[in-house]
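Below, read A as the first sequence line, B as the second, and so on, with proteins coming before strands; counting in each chain starts at 1.
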Amino acid sequence: MRVRGMRDVLPGEARRWRDVESAMVDVLDRFAYQEVRLPMLETVELFSRGVGEATDIVEKEMYCLTDRDGQAMALRPEGTAGCARALDENGMLYNQTQRVFYRGPMFRYERPQKGRYRQFHQIGVEAFGLSGPDIDAELIQLGCELWRALGIAGEVRLELNSIGSPAARAAFREALIGWLEPRKASLDPDSRRRLATNPLRILDSKSEETRRALDNGPAFKDYLDDASSEHYAGLKALLAELDIDYVENPRLVRGLDYYTRSVFEWTTDRLGAQGAICAGGRYDGLVELLGGRATPAAGFAIGVERVVLLHDAVHGVSPEVPADVYCCVLQPGLHGAALAAVQRLRRMAPALRFRVHAGGGKLKNQLKRADRSGARWALLFGEAEIREGLAALKDLRGSAEQERLRLADVAARLNGRRAAKE
RNA sequence: GUGGACGUAGCUCAGCCGGUAGAGCUCCGGGUUGUGGUCCCGGCGGUCGUGGGUUCGAACCCCAUCGUCCACCCCA
């Protein structure tokens, strides 16, 4: 029985995952970001300190377990804290900058929904040691390039905000509480509860009444500290220069405590309620919070499931064709000779995918399987062919006549054809 | 955690007012020897999500439970 919220990714979809991921990794590579591979298991403390004790993620969504020595561990619910920990512990943040990315599963105990699973996958991108808005702009530019590479750029929109310094946020928080306390009656129940626990989160409530109660209330931009304000203006100027469209969303807040200053999110309306495919921002306080030396940093995380979903919605899905050439063996005794011949062909035509029929059966049945597999060609090995070092090449998709060719000629005929087909 | 819809063959689904299940696709075999796709014939395949209840009788009605999907919440 499959565990709730877990997903099996089967051949066709796995292929698309690989295509989507490799397209993104390729872009990251060209931006000179370096890959790191990080553990899925960390201490609970890393997340309660880094992500924040009062966040939903830490409060009620972590998969916790106790190690044999009594240590409280958690399956990582996000990647940034672990990445900061890893780079800091390995001395990579001392007087230097780092631009890295990582990918892999994250775990959150949530109610599963389309585009939201208990094990989900992220590609995280982080830049450490850079405090100016130029790196924020680079990260956003990188995001744009990712969507362009996947052909989904037209389906996403960038939302932007600045949540300022911790001190500015504290001041705004007080003002917000002061404004909402007398209007408590018109808030939805969730927001009323948050007034005490996490008032900033009330800003992105979807309740009509709550949104009305916020009208004419304190605006965060009036509380933004000068340095953050300048940083934000700098970022917007850079985005304008880069011709990157964005929508300012003063109600965009992050669910994780470590964010400061710039926050951004790419959303799409083609995925229903789970519209955020990528989100991030600056987190200047995180490294210090984890016990390192104060280090400015910024980054974002991509929801791989959602990006694949969006990619599929835009481009459609076609059944996977696992092989280009399906090789049939006419007599059971020829199987060894056929396997050897096909292996020589694989070396001569490395771009092509060869599948050799296994399990015996009549030629009729083997050709039927060749056809069903979607392969473009069938290659037949009979007694006569093996004896003479030949193979019969049959075009399953065109009208060309079947030909008996030497193996080298088969390779020459097929090589380079796969790309031409697509 | 809250609300709603839905769980019937491997897949997509039908099944009327309660009378103990069907189709299409897939798969396997056949339509004579080493030639696929189309067509024809045959076959495999279901404790109707699970457990209770009502009834002479439940896929169908009721309750519970699990699961899926959608929305809220939260987030990637």
Taking [M] as the reference, what is the distance to [N] when you measure between their [atom1] atoms (whole Å, please)?
| N | M | atom1 | result |
| --- | --- | --- | --- |
| rG19(B) | rC13(B) | C1' | 24 Å |
| rU20(B) | rU8(B) | C1' | 14 Å |
| rC44(B) | rU54(B) | P | 37 Å |
| rG36(B) | rG24(B) | C1' | 22 Å |
| rG18(B) | rA58(B) | P | 13 Å |

From the set [options], return the single nucleotide nearest to any side-chain atom of [X].
| X | options | answer |
| --- | --- | --- |
| Leu367(A) | rC72(B), rC75(B), rU35(B) | rU35(B) |
| Arg111(A) | rG3(B), rA76(B), rG36(B) | rG3(B) |
| Phe120(A) | rU35(B), rG1(B), rA76(B) | rA76(B) |
| Arg108(A) | rA76(B), rG36(B), rC69(B) | rA76(B) |
| Ala279(A) | rA71(B), rG36(B), rA76(B) | rA76(B) |
| Ala301(A) | rC73(B), rU68(B), rA76(B) | rA76(B) |

Below 4.5 Å, heavy atoms only, C-beta onward: do [X] and [Y] meet side chain to side chain?
| X | Y | value |
| --- | --- | --- |
| Leu146(A) | Phe300(A) | yes |
| Arg116(A) | Arg111(A) | yes |
| Val287(A) | Leu93(A) | yes |

When we call it a touch if two heavy atoms are under 4.0 Å apart, what does [X] touch: a base, just sugar-phosphate, or nothing?
| X | answer |
| --- | --- |
| Gly115(A) | base |
| Arg116(A) | base |
| Glu265(A) | nothing |

Tell me whether Arg118(A) forms a cation-pi arrangement with Tyr109(A), defined as NZ or CZ under 6.0 Å from the six-membered ring centre and within 45 degrees of its axis.
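Yes.
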
Figure out the [atom1]/[atom2] separation between [X] and [N], and round it to whole Å.
| X | N | atom1 | atom2 | value |
| --- | --- | --- | --- | --- |
| Asp8(A) | rG10(B) | CG | P | 17 Å |
| Tyr102(A) | rA76(B) | OH | C1' | 11 Å |
| Trp17(A) | rA76(B) | CH2 | C1' | 11 Å |
| His357(A) | rG36(B) | NE2 | P | 15 Å |
| Leu379(A) | rU35(B) | CG | P | 17 Å |
| Arg118(A) | rA76(B) | CZ | P | 18 Å |
| Glu110(A) | rU2(B) | CD | C1' | 15 Å |
| Gln113(A) | rC72(B) | CD | C1' | 8 Å |

Distance-only donor-acceptor test (3.5 Å): side chain Asp371(A), base rG37(B):
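No, the side chain and the base share no sub-3.5 Å donor-acceptor pair.
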
What about Arg306(A): does its side chain form a donor-acceptor pair under 3.5 Å with the base of rC75(B)?
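Such a pair exists between side chain and base.
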
Indicate the atoms forming the closest heavy-atom contact of His231(A) with Ser131(A), along with that distance.
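Taking His231(A) first and Ser131(A) second, the nearest heavy atoms are CE1-O, 3.1 Å.
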
Any chance the side chains of [X] and [Y] put a donor and an acceptor closer than 3.5 Å?
| X | Y | value |
| --- | --- | --- |
| Arg282(A) | Ser262(A) | no |
| Asp19(A) | His311(A) | no |
| Tyr33(A) | Glu138(A) | yes |

Provide the full list of side-chain hydrogen bond (donor to acceptor under 3.5 Å, both in side chains) pairs with a residue in residues 242-252 of chain A, sequence neighbours left out, each pair given once.
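Listed once each, the pairs are Glu159(A)-Asn249(A), Tyr232(A)-Glu248(A), Lys236(A)-Glu248(A).
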
I'd like a table of atom pairs between the protein and nucleotides 24-34 of chain B - only N or O on both sides, under 3.5 Å - with the distance next to each one.
from: rC27(B); atom 1: OP1; to: Arg372(A); atom 2: NH1; distance (Å): 2.8
from: rC27(B); atom 1: OP2; to: Arg372(A); atom 2: NH1; distance (Å): 2.5
from: rC28(B); atom 1: OP1; to: Arg369(A); atom 2: NH2; distance (Å): 2.5
from: rG30(B); atom 1: OP1; to: Lys362(A); atom 2: NZ; distance (Å): 3.1
from: rG34(B); atom 1: N1; to: Glu385(A); atom 2: OE1; distance (Å): 3.1
from: rG34(B); atom 1: N1; to: Glu385(A); atom 2: OE2; distance (Å): 3.3
from: rG34(B); atom 1: N2; to: Glu385(A); atom 2: OE2; distance (Å): 3.0

When you check the phosphate oxygens OP1 and OP2 of rG67(B), does a side-chain N or O of Arg2(A) lie under 4.0 Å from one of them?
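Checking Arg2(A) against rG67(B): no side-chain N or O falls below 4.0 Å of OP1 or OP2.
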
Dot-bracket notation for RNA chain B is requested: 5' to 3', Watson-Crick or G-U wobble pairs only, both distances under 3.5 Å, with ( ), [ ], | and . as defined.
(((((((..((((.....[..)))).(((((.......))))).....(((((..]....))))))))))))....

Could you tell me whether a side-chain N or O of Thr267(A) sits under 3.5 Å from a main-chain N or O of Gly275(A), the two making a donor and an acceptor?
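Not confirmed, Thr267(A) side chain does not pair with Gly275(A) backbone.
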
